[in-house]
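The following block contains the structure, expressed as C-alpha cells.
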Amino acid sequence: QASLSVANYKAWAQELGLNTAQFNSCLDSGKYADEVAKDFADGQAAGVRGTPTFFVNGETVVGAVPFAQFKSAIEAALAGK
C-alpha cells in the first residue's frame, strides 16, 4: 500500500499501455471520487475489512483463498435451499 500514489497510478497506466492523456485527465478531475468513497463506505457497512472479500449467500469469504474454500461455501449455500 505504501506505493499507492497518483504518480504511481499514472506510471502504471503508461506501463499498461492505457491512453494516458485520458487516464490522467480522469484521475486529476476527481470525477469518480465520490463514487469510490461511497463504495468504500458500503463495503465497510457490509463488514469488509480487507481485500479481497467475497460474499456467498451471506457468508463472508476473506482473502485469496483456495477454490476448495469457495466450493465449500457454495455447496453449503446450495444445501441450505
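What you see is a predicted model; the values in this text were computed from it and never measured.
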Minimum-distance pair of heavy atoms, taken over all atoms of Val65 and Val62: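 Scanning both residues, the minimum pair turns out to be CG1-O, 3.3 Å.
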Side-chain hydrophobic cluster, 4.5 Å single linkage: members besides Leu27: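 Cluster partners of Leu27: Leu4, Val6, Tyr9, Trp12, Leu16, Leu18, Phe23.
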Residue pairs passing the ring-ring contact (aromatic ring centres under 6.0 Å, His included) test where at least one lies in residues 31-64, sequence neighbours excluded: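 The answer is Phe54-Phe70.
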Approximate separation, where rounding is to 0.5 Å, of Leu78 CG and Lys71 NZ: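 That separation rounds to 11.5 Å.
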Atom pair SG (Cys26) and CG (Asn19), whose distance is rounded to the nearest 0.5 Å: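 Taking SG in Cys26 and CG in Asn19, the distance rounds to 11.0 Å.
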Distance-only check: which donor-acceptor pairs under 3.5 Å involve side-chain atoms of residues 43-52, not counting sequence neighbours?
unit_1 : atom_1 : unit_2 : atom_2 : d
Arg49  : NH1    : Gln44  : O      : 3.1

Over 12 foreign heavy atoms within 6.0 Å of CG, Asp34: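 Open.
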Single-linkage hydrophobic cluster Phe67~Val61, side-chain heavy atoms < 4.5 angstrom: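 No.
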Point-to-point distance, once rounded to the nearest 0.5 Å, from NZ of Lys10 to CD of Glu15: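 Lys10 atom NZ to Glu15 atom CD measures 15.0 Å (nearest 0.5 Å).
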Distance-minimising heavy-atom pair for Thr20 and Gln14: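 Closest heavy-atom pair between Thr20 and Gln14: CG2-CA, 3.6 Å.
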